[in-house]
Structures are given as C-alpha cells and as structure tokens.
Amino acid sequence: MLIKALRTGLGQLIVFGDALTRPRPRRRSAQGQAAVVKEASNLSLYQFHACPFCVKTRRALHRLNVPMTLHDAKNDAVQRERLRTEGGKIKVPCLHIQDQGQSRWLYESNEIIAYLEQRFGGIA
C-alpha cells in the first residue's frame with residue numbers, strides 16, 4: 001500500500017513537472033501542419049496519465065506538434081482490453097499505427113519517439 005501511494009505521488013509530481021516545463025510546439029506552415037494532421041489521423045497512443053515514459057512520449061508529441069488520439073489504458077477497460085488483444089500485451093506507451101490497411105503496435109518510448117521524429121520531424 002505504501003509503494004502504491006509513493007508511485008501515485010511520484011506520478012503526479014512528474015505530470016506537474018511536465019506541465020511546468022513543456023517544450024514549445026514546432027511551428028510549421030499551414031500546409032505542413034495540415035499534412036501532419038492528416039498523417040497523424042492514422043495514429044493513436046495508448047498510455048497511462050502519470051507513467052513517466054508516457055509523459056516523455058507526450059512531450060515529444062507536443063514538441064513535434066503532432067495531434068493524436070490518446071487512449072487511457074489504465075482507466076478505460078475497453079481500450080485496455082483492445083491493447084491486450086490486438087497489441088499483444090498491456091504495456092505503455094504503445095503507438096498504434098494504421099497504414100494502408102495494416103495495423104502495427106509499437107512499444108517502448110524511445111522507439112516511438114524515433115518513429116515520430118522520422119515521420120514528422122522533417123515536415124516544415
């Protein structure tokens with residue numbers, strides 16, 4: 001019980017720190033941002049609100065100015081079950097990529113951020 005309280009408290013501290021130090025979003029031309037919005041419509045992020053790796057991934061999304069659907073895999077039983085059955089495991093963060101009828105589940109914050117950088121970093 002003490003561990004759970006400590007974890008919850010630290011998680012909220014991380015979320016608060018993120019809110020205070022969030023990076024500025026990337027500025028793009030209207031056409032560039034429209035392209036990002038269109039490409040990001042096929043992506044969604046499964047996450048826990050106070051998970052430090054999820055916060056890290058959301059910070060990258062904010063910095064890259066990539067709007068994305070976020071699914072709360074901790075408090076939404078339907079999304080949690082979808083992550084388990086379709087993604088293969090309940091582990092966050094997890095980026096769900098739907099591209100040309102194919103579905104891919106990408107785990108690990110560093111891999112997700114590298115994917116986002118590669119896909120959206122060069123759009124001006």
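Just so it is clear, the model here is predicted, and its values are computed rather than measured.
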Q | Qualifying ring pair (Phe, Tyr, Trp, His ring centres under 6.0 Å) pairs with a residue from residues 10-38, counting only residues at least two apart or across chains | A | none
(Q) Can you pull out every salt bridge (Lys or Arg N to Asp or Glu O under 4.0 Å) where at least one residue sits in residues 66-76? Sequence neighbours excluded, please. (A) none
Q | Qualifying residues under salt bridge (charged side-chain N to carboxylate O under 4.0 Å, His left out), relative to Arg80, sequence neighbours excluded | A | none
Q: Please write out which residues are connected to Leu61 in a hydrophobic cluster, directly or through intermediates, given that two of Ile, Leu, Val, Met, Phe, Trp, Tyr count as joined at side-chain heavy-atom separations below 4.5 angstrom.
A: Val36, Leu43, Leu45, Leu64, Val66, Met68, Leu70, Leu95, Ile97, Leu106, Ile112, Tyr115, Leu116, Phe120, Ile123
Q: Any salt bridge (Lys or Arg N to Asp or Glu O under 4.0 Å) involving residues 40-61? Give me the pairs, sequence neighbours left out, ordered by first then second residue.
A: Asp18-Arg59
Q: Among residues two or more places apart or on two chains, list those pairs meeting salt bridge (Lys or Arg N to Asp or Glu O under 4.0 Å) that have a residue in residues 90-108.
A: Lys91-Glu108
(Q) Filter on ring pair (Phe, Tyr, Trp, His ring centres under 6.0 Å), then keep only pairs touching residues 68-88, sequence neighbours left out; what's left? (A) Tyr46-His71
Q: Please collect all salt bridge (Lys or Arg N to Asp or Glu O under 4.0 Å) contacts where either partner lies in residues 114-124, sequence neighbours excluded, each pair once.
A: Glu39-Arg119, Arg63-Glu117
**Q.** Test side-chain hydrogen bond (donor to acceptor under 3.5 Å, both in side chains) applied to Glu86 - qualifying residues, sequence neighbours left out
**A.** Arg82
Q. Just wondering, more than 12 heavy atoms not from Phe53 lying within 6.0 Å of its CZ?
A. no
Q | Co-members of Ile113 in a cluster of I, L, V, M, F, W and Y side chains, linked at under 4.5 Å | A | none
Q. With sequence neighbours left out, what residues match Arg84 under salt bridge (charged side-chain N to carboxylate O under 4.0 Å, His left out)?
A. Glu81
